[in-house]
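Please read the structure below before turning to the comments.
Starting from 1, each residue takes its place in the sequence as its number.
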Amino acid sequence: MHEVAAVPDWVLLAYLIAGVCFILALRGLSHPETSRRGNRAGMVGMAIAVVTTLAIHEIGSIAEIAAAIAIGGAIGLVTARRIQMTAMPQLVAAFHSLVGMAAVLVGAAAFLNPTAFDITDAAGAILPVSRVEMGLGVAIGAITFSGSVIAFLKLNGNMSGAPILLPGRHVINLGTLAAIVGLIAYFTQDQAPWIFWTVTALAFAIGFLLIIPIGGADMPVVISMLNSYSGWSAAAMGFTLHNSAMIITGALVGSSGAILSYIMCRAMNRSFISVIAGGFGAVTSGGDAAAIDRPWKRGSAEDAAFLLKQAEQVIIVPGYGMAVSQAQHTLREMADLLKEAGVRVKYAIHPVAGRMPGHMNVLLAEANVPYDEVFELEDINSEFAQTDVAFVIGANDVTNPAAKTDKSSPIYGMPVLDVEKARTVLFVKRSMGGVGYAGVDNELFYRDNTMMLLADAKKMVEEIVKALA
């Protein structure tokens, strides 16, 4: 059996330091105040891992590798500087797709030239354990790639956010997954090229099939789930490459993504299996009719400014509508004016507000909203009953009381912010005709204590700021 060359101690130490940096990065990124430090730790860890890997391998052309790194770095830098914060979810999905494709390409390279990866026996055949690692890495990577592409298209508006429900989809999905697992098992006995490429093709297909039935309301879970998949694909490739840094990094990303998916599912009162099965988020009929038939109150920016200025406490609930109109800076300006008038201002964040985990936190941090004014659902929900004004700006599904009262609603059981308990609810919305991403009408619009402020979110807040000033 072919033996893998011993790895020098300094290399193991370097990879260990890189792993510690990645752990510190995850810890730092868990809170806005430490996110910059966490980001720097991740950059240092990746630099150590890359330099160490280059140092211990024979490099055919260092110039080509340097050029590739420079091109990739330049693309990342330009993208990061130009991307709008509203497009961050689809950017994350696009990055996940790149990680998945990288795993597929590494797996294909290892299959085509196994001797270069030290994964062959004396007869030149790929080691059975390496075939398992290779098969799993390629399969998970391909699922990540095609699933992330569909998620990107849905988030970017190139594809409908509503579920696309294929007939017999559960049977098709289970059959395809069973075929992939069976072929990987057979691959350990026979390394015929058709097996490897069939596994790859089926994995690309199942990634597509798994994501198209998932509705827009489940997109935060999908993003964290794909993040987890990308980590596990990297970890599997780490075993193939005998690279401990990839194994550590992939395991960290995979496990943290899985934990985040679990947290997101709990926040939506959904099981992970039900999300994968899809179907939540379909546009229901009758939502627009209900909006026309039921009475509701409309207010102006001057009305809102008067109520806000008379309040002792205001809780602002941001949502995707704020992100689309890029109203976070104007919203902070409004909050500053209220605080100058002696009003207590807090922000309430639902775990799945927006299109990805932490979407609202990122936007508020960009607007320099103080971190101590931002609260999660479980920390602030009890305060709405003692609040004078709840100012909801584009947060539809996460404020819908039907989640607590209407058993026929597709969002029933999902924990929501208790904004209806506030003395007055000011709800900023573009029009009464639309519904949230879950496709259901919001009962909050028709409550006696709700005043609808119909306009573009940024323009409405700007008018309120003028009235306050």
Side-chain angles (χ1 to χ4, degrees), residues 15-16 18-30 38-39 41-43 45-46 49-50 53 89 91-107 110 129-130 132-152 177 180-181 184 199-200 203-204 206-207 210-211 214 218-267 270-273 275-276 351 356-358:
Y15 283 154
L16 178 62
V20 171
C21 287
F22 295 141
I23 294 172
L24 293 175
L26 286 176
R27 180 179 177 83
L29 292 171
S30 65
N39 205 18
M43 293 168 65
M46 184 56 67
V50 170
T53 301
L91 177 66
V92 172
F95 282 169
H96 287 162
S97 72
L98 296 178
V99 175
M101 181 54 73
V104 173
L105 294 176
V106 170
V129 66
S130 295
V132 175
E133 297 160 358
M134 188 186 304
L136 289 175
V138 168
I140 300 173
I143 291 172
T144 304
F145 173 79
S146 55
S148 297
V149 169
I150 298 301
F152 172 86
L177 287 171
I180 291 172
V181 173
I184 291 176
V199 168
T200 305
F204 277 125
I206 194 62
L210 283 174
I211 304 303
I214 299 178
D218 283 333
M219 271 302 132
V221 181
V222 172
I223 293 295
S224 60
M225 177 187 71
L226 292 170
N227 178 52
S228 179
Y229 287 176
S230 68
W232 297 125
S233 64
M237 285 298 103
F239 282 104
T240 299
L241 299 175
H242 310 297
N243 189 308
S244 57
M246 282 188 68
I247 296 171
I248 294 171
T249 307
L252 285 171
V253 174
S255 56
S256 61
I259 293 170
L260 184 57
S261 298
Y262 172 74
I263 293 172
M264 293 295 104
C265 285
R266 282 192 60 189
R270 300 269 281 151
S271 70
F272 184 75
I273 298 301
V275 172
I276 295 300
M356 62 178 286

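- Atom-to-atom distance recorded for M46:CE and C21:SG is 10.5 Å, nearest 0.5 angstrom.
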Check: residues 96-104 side-chain donor-acceptor pairs under 3.5 Å, at least two apart:
residue, atom, partner, partner atom, Å
H96, NE2, N227, OD1, 3.4
S97, OG, A94, O, 2.5

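- A heavy-atom distance below 4.5 Å is found between the side chains of N243 and Y15.
- The heavy-atom pair separating S228 from G257 by the smallest distance is CB-C, 3.6 Å.
- Closest non-hydrogen pair, I247 versus G238, comes out as CG1-C, 3.6 Å.
- Within the 4.5 Å cutoff, no side-chain heavy atoms of T240 are placed close to those of S130.
- Pairing each heavy atom of L24 with each of A41, the nearest pair is CB-CB, 4.1 Å.
- If you take OG on S244 and CZ on F239, they are separated by 10.0 Å, rounding to the nearest 0.5 Å.
- The shortest non-hydrogen separation linking G135 to V199 is O-CG1, 4.3 Å.
- Taking both residues in full, the closest heavy atoms of A236 and L136 are given as CB-C, 4.4 Å, listed atom of the first, atom of the second, then distance.
- The CG atom of L252 sits 8.5 Å away from atom CZ of F22, with the distance rounded to the nearest 0.5 Å.
- Annotation: the span from T53 atom OG1 to L241 atom CG amounts to 9.0 Å, rounded to 0.5 Å.
- The CG atom of L226 sits 13.5 Å away from the CZ atom of F152 when rounded to the nearest 0.5 Å.
- Taken to the nearest 0.5 Å, the OH atom of Y229 stands 10.5 Å off from the OG atom of S148.
- Inter-residue side-chain proximity for M225 and I211 is flagged as met; some heavy-atom pair is nearer than 4.5 Å.
- M237 and M246 make their closest contact through CB-CE, 3.8 Å (heavy atoms, listed as atom of the first residue, atom of the second, distance).
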